[in-house]
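Below is one structure, written out as structure tokens; comments come after it.
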Amino acid sequence: MAKEYNFREIEKKWHRLWTERQTYKVTEDENRKKFYVLNMFPYPSGAGLHVGHPLGYIASDIFARYKRLQGLNVLNPMGYDAYGLPAEQYAIKTGQHPEKTTFANIDRYREQLDKIGFSFDWDREVRTCTPDYYKWTQWAFQKMYNSYFDEELQKAQPIEKLIEKFKAEGTWPSDEKEQSELLMEHRIAYLGETMVNWCPALGTVLANDEVVNGVSERGGYPVEQKKMRQWCLRVSAYSQRLLDGLETIDWSESIKETQKNWIGRSEGAEVEIKTSEGLSFTIFTTRADTMFGVTFFVLAPESELVDKVTTPEQRAAVDEYIKYVKGRTERERMIDHTVTGVFSGAYGINPITGDKCPIYVAEYVLAGYGTGAIMAVPAHDSRDYAFAKHFNLPIIPLVEGADVSQESYDAKEGIVMNSPASEDKSVKYDGESLCLNGLTIKEAIAETKRFVKAHKLGRVKVNYRLRDAIFSRQRYWGEPFPVYYKKGIPQMIPEECLPIELPQVDKFLPTETGEPPLGNATKWAWDEKNRKIVEKSLINEVNVFPIELYTMPGFAGSSAYYLRYMDPHNDKALVSEKAASYWQNVDLYVGGSEHATGHLIYSRFWNKFLFDLGVSKKDEPFQKLINQGMIQGWSSFVYRLRNTNKFVSFDLLEEQYDDAKKKSFYYYQGTEADPVYADISMVSGNVLNVEKIREWTAEFRDAEFILNANGQYIVSQAIEKMSKSKYNVVNPDDICENYGADTLRLYEMFLGPIEQSKPWDVAGIDGCFRFLKKFWSLYWDRDGNLQADDSEPTAENMKSLHKLIKKVTSDIEEFSYNTSISAFMVAVNEFSQQKCTSRTVLQTLPILIAPFAPHIAEELWEAISGGQTWQSSRQQSVCDAQWPQYEEKYLVETSVKLGVQFNGKVRFDMLFPADATPDQMVEMATSAPEAQKHLEGMQIVKTIAIPKRIVNIVVKPKTE
RNA sequence: GCCCAGAUGGUGGAAUUGGUAGACACGAGGGACUUAAAAUCCCUUGGCCAGUGAUGGCCGUACGGGUUCGAUUCCCGUUCCGGGCACCA
């Protein structure tokens, strides 16, 4: 009886031994090179871990194990992003404290993760919601509050330096309130009166990346613009560094591109415009070359200039327009691009041409970008063009050959003309007037910038689209701010008193007076004298003051967690100098690309700030980034006839396409049928288990199911993101139970390239399971005894082995795990055919497979090395073995079969010595008997021979 | 609209980056062992055509062109799917 591959026992055994032996515990070791592997830590949701989560974790675990086998000291930690909206909303619904549900979810995650056999050092686990962790989130916030960004040095500096500067300049106010306001304009964490994304349904403000298509990312509720006093982070100050840093890191082009878009650098010029009333304003343009084509100016409706510029005659019209704009939601403005606007009554004077052009107010100009005012060049900007057509304003073409009768010419290519149209159209400054005619657009831009600068008409300016991050939320389940208010002026709670712990509340909703949930806390006031938190009722504005009621957003805790993993139990510092110097930054970061404009920007910003402080040792936190694809789920739908409790099999429905809504609708005998999610566990293939769904929810209990001719109920299926609400979540637990963790790990990697998204499909998992069984059976004879012997491996054995080492090594380096698993499959078949029992080979294979399938690797490693005396105790685990090097000498081929081509078509195959030179190859090929019939009546034009690749002979008919 | 990435058998996907397209796996078909099933093993499997047969020929990497002795790979154009940004001046 051959020995069975009992994965359940093997995996249980090794989970136990790994824990007992602390196999994965990591400590700083100056004698070894470090390698830091990191996964984006999960938010522990109530749905548990699904098969998509481990995809990235497995990928990084393979790399971590591989690097470790190569002798590096690998840090591979895991933790939880534990603050979040779902737990809070669940608390509002059920009254259960978010901490309770969050910790329960964490336990469940841990249990699931443990089954898969990761090499995490759990001693370093962090949870963002525990005080010993968020102490350092609060600490970093205070550091940001007490810093400003020095434009010249391009780095953060202590705020005291700025105060000194103001004092030296004599601009330092004496009034405390004025001082506070002045510094607020410079602090990196500041309290700002800004337009925010307010989500009434969630009762909180949202950051820009949390708003998608004008609705909230979570829940899809409408979002409106509202002016509110909020904590903000001056992320925009770091725009240039965030952009420059991208060049130094090894991330995918697409994600760098996304970040570049989000930062949105544009180089241009700011030009001073005087108005007919003697006022002036500044416009920003990237197309300085088009100054001669300006026919009007436009102000953003929210701009403060509007009020100043508007003439009495136009006042009523402008007010009405602004009222209209205010009434529009963000979403409406995004979808509806119809041209609107109003004349302000005033005129602006083009400093280049001296022309008087009307100033309009229109919503297509945004207050938040540039100066909130533009010069309009309808001929060369499509938005200005639409506006000009609508209001019948002149259009002056400035590029040779550009036809602007139907649409604007926006391209930045061509030769400039009409600039000026005639000599008297260009105003002279210090005797010089601007002339761009005949230049290319690029030259014209540069020339205009020079002119504007030289004659002080404006200045060259770089603008960024990146906005400051709104850093406060009106929620309960988040980090409290270590801030109290003294006469309305924010004060930092002393650093030694941190952390300020999240107070207990009995209600998680806003208070009746509209305060955020923390307003419900009774013990939430700061006693300045005794330096402690006291009852709110004691507030006296003398020595006891109210504490901030806002909490920090989700990204606060996730922005520097990778630093905390380096030194997670340190209560003196976020991370010790020693640990930070050793681990530096993350070498390999694995996570989803959906964080491109959120976490991955905030984290880089946060790290750059800490780098300026000297806490972080590298300017960029994540050297290499791999974005694992999403594993999607198959959602299943049943169709309910509208206003009935009847469900109709999908194949009986008629489809109708609604062009307007770009959606299909389904009908059954004239009645429309609406799709309803059905849990995937009730579906096999596309057939619904009607009995099972009746037991699922009350909705289906007494429903009538109209079946097809085969007596089956067919569901329709769609590939969607895995989510609890879509009832399409597949847990990894079942796979572990039926096939084992090693098979799960192998299969998830075998599905395809890591970066690709793909629907989950268990078809094919048998292939990986079979492979492991074959791998297992290499080691055991028919009686279940280990069949390794000390026989000399054959040349064939060594060739197969070294081919495998070479392939697997290079594939892991390139994260091409699916192809390295294929290589294993090939190799195992070869060894099996070779009946290889050589210890040399059998001892190496477990090391090679260990990153992918650690449990079976350990078991076989133990079996094959069991008879030996250990050189050191660490060799008890395959994790501490040494990754083998391949040797070229075993891979050398003595002869190679190559196709001999005539004019690019393969005509015959023949054997060549592997070391044949191209000349020898041609000689052999042309003199071969098979070649003669192809050469008959032909002459050789050219020959190409590439050793080990191809022999190509180009011929053409002989001409006399 | 702009930017980025992609399209290969029935399916997931390989292809040393310009050198015999379809590795590996799934599925399907056939066979062996077995009372039977499971498990295991072997063979076939891109399409079309010719041949009893070994085999041979043609077509084939979304579509249309180009460069090249040779193109899945490079260039130009088109179509389709995915991702990001979107009145950003």
Side-chain angles (χ1 to χ4, degrees), chain A residues 2 4 213 252-266 268-269 283-288 290 298 300 333-334 336-340 362-366 368-377 380-384 386-387 410 463-467 593-594 596-597 627 629-630 746-747 750-753 755-759 761-768 770-771 773-774 777 806-807 810 816 818-827 829 832 897-909 940-946 948-956:
Chain A
E4 194 197 346
N213 291 327
S252 75
E253 279 311 311
S254 70
I255 207 145
K256 282 192 196 178
E257 199 62 35
T258 302
Q259 292 214 342
K260 280 181 198 165
N261 267 334
W262 191 257
I263 297 166
R265 182 184 204 269
S266 56
I283 57 99
F284 174 74
T285 179
T286 55
R287 290 294 301 274
T290 57
V298 189
R333 268 176 90 157
M334 269 170 128
D336 175 24
H337 281 186
T338 48
V339 176
T340 65
E363 61 177 333
Y364 85 88
V365 173
L366 305 175
Y369 186 74
T371 58
I374 63 150
M375 62 177 211
V377 186
H380 301 293
D381 183 288
S382 54
R383 295 152 303 179
D384 298 345
F387 195 84
D410 291 15
N463 264 331
Y464 301 91
R465 199 158 62 203
L466 185 67
R467 311 282 174 84
S593 57
E594 66 271 20
T597 55
N627 296 115
M630 210 168 13
L746 236 36
Y747 183 58
F750 190 65
L751 274 172
E755 310 217 59
Q756 218 158 73
S757 288
K758 53 232 147 187
D761 187 0
V762 281
I765 197 162
D766 285 316
C768 290
R770 259 173 233 159
F771 158 73
K773 282 193 284 193
K774 280 184 205 166
S777 59
K806 186 177 179 178
K807 178 79 178 145
S810 65
S816 177
N818 54 337
T819 53
S820 56
I821 294 169
S822 293
F824 273 114
M825 290 173 173
V826 172
N829 276 335
S832 159
K897 191 174 135 194
L898 292 178
V900 178
Q901 302 183 341
F902 287 86
N903 291 357
K905 297 271 181 194
V906 178
R907 298 301 170 178
F908 62 89
D909 293 336
I940 296 171
V941 178
K942 197 173 166 185
T943 57
I944 297 119
I946 302 165
K948 296 184 190 173
R949 296 267 170 91
I950 203 86
V951 179
N952 196 311
I953 297 159
V954 185
V955 293
K956 68 173 187 187

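Being a predicted model, the structure only gives us computed values, none of them experimental. Naming: A, B, ... by sequence-line order, numbering from 1 per chain.
The nearest whole Å value for the distance from the CG atom in A:L366 to the C1' atom in B:A89 is 9 Å. Taking atom CD of residue A:E755 and atom P of nucleotide B:G83, one finds them 16 Å apart after rounding to whole Å.
Side-chain nitrogen and oxygen atoms of A:K773 include at least one within less than 4.0 Å of the OP1 or OP2 phosphate oxygen of B:U40. The shortest distance between the side-chain N/O atoms of A:Q901 and the OP1/OP2 oxygens of B:C69 is not below 4.0 Å. Applying the 4.0 Å criterion to OP1 and OP2 of B:A89, one finds that A:S266 has a side-chain N or O inside that range. Here A:Y364 does not reach the OP1 or OP2 of B:A89: none of its side-chain N or O atoms lies under 4.0 Å away. Contact between the side-chain N/O atoms of A:R770 and the OP1/OP2 oxygens of B:C26 is found at a separation under 4.0 Å.
Considering only side-chain atoms of A:M825, the nucleotide from B:C41, B:A89, B:A25 that sits closest is B:A25. Nearest nucleotide to the side chain of A:V365, out of B:G13, B:C87, B:A89: B:A89. Taking every side-chain heavy atom of A:V954 into account, B:C69 is the closest of B:C41, B:A89, B:C69. Distances from the side chain of A:I944 to the nucleotides B:A14, B:C69, B:C24 place B:C69 closest. The A:T286 side chain lies nearest to B:A89 when the options are B:U20, B:U16, B:A89. Closest to the side chain of A:S822, out of B:C69, B:A23, B:U40, is B:A23. Nearest to the side chain of A:K774, among B:C87, B:U20, B:C41, sits B:C41. Here the side chain of A:N952 is nearest to one of B:G19, B:C59, B:A25, namely B:G19. Taking only side-chain atoms of A:K905, from C-beta outward, the nucleotide of B:C59, B:C69, B:A89 with the closest atom is B:C59. Here B:U17 is the nucleotide among B:A89, B:A25, B:U17 with the atom lying nearest to any side-chain atom of A:R949.
The pairing partner recorded for B:A28 is B:U44, the criterion being a Watson-Crick or G-U wobble arrangement whose two distances lie under 3.5 angstrom. Across every strand in view, B:A14 sits unpaired, with no contact that passes the Watson-Crick or G-U test at under 3.5 angstrom. B:A37: no Watson-Crick or G-U partner with both key distances under 3.5 Å is found in any strand. Both distances falling under 3.5 Å, in either a Watson-Crick or a G-U wobble arrangement, place B:A50 opposite B:U55. The nucleotide B:G64 finds its pairing partner in B:C76, both defining distances of the Watson-Crick or G-U wobble pair being shorter than 3.5 Å. Under the Watson-Crick or G-U wobble criterion, with both distances below 3.5 Å, B:A23 has no partner in any strand shown. With a cut-off of 3.5 Å on both pairing distances, the Watson-Crick or G-U wobble partner of B:G1 is B:C85. Under the Watson-Crick and G-U wobble criteria, each requiring two contacts below 3.5 Å, nucleotide B:A71 is left unpaired.
Across all strands, A:I374 comes closer than 4.0 Å to base atoms (heavy-atom distances). As judged by a 4.0 angstrom heavy-atom cut-off over every strand, A:R467 is placed among the base-contacting residues. Within 4.0 Å of A:G899, counting heavy atoms only, lies no atom of the nucleic acid at all.
When each of A:E257 and A:T340 is assigned the nucleotide of RNA chain B with its nearest heavy atom, A:E257 is the one assigned upstream, toward the 5' end. The 5' end of RNA chain B is approached more closely, in terms of each residue's nearest nucleotide, by A:N903 than by the other of A:N903 and A:A373.
Using atom P as the reference point in both B:A36 and B:A54, the two lie 32 Å apart (nearest Å). Spacing of P atoms, B:C42 relative to B:G47, comes out at 23 Å, to the nearest Å.
In this structure, B:U17 shows a glycosidic angle within 90 degrees of zero, which is the syn conformation. Against the 90° criterion about 0, the sugar-base torsion of B:G46 places it in the anti range.
Using a distance-only test at 3.5 Å, with no hydrogens or angles considered, a donor-acceptor pair links the side chain of A:R465 to the main chain of A:N261. Remark: the backbone N or O of A:S266 is not paired with any side-chain donor or acceptor of A:N463 at under 3.5 angstrom. For the pair A:K942 (side chain) and A:N952 (backbone), a donor-acceptor distance under 3.5 Å is absent.
Between A:F771 and A:F824, the ring planes lie tilted relative to each other; the angle falls in the 30° to 60° range.
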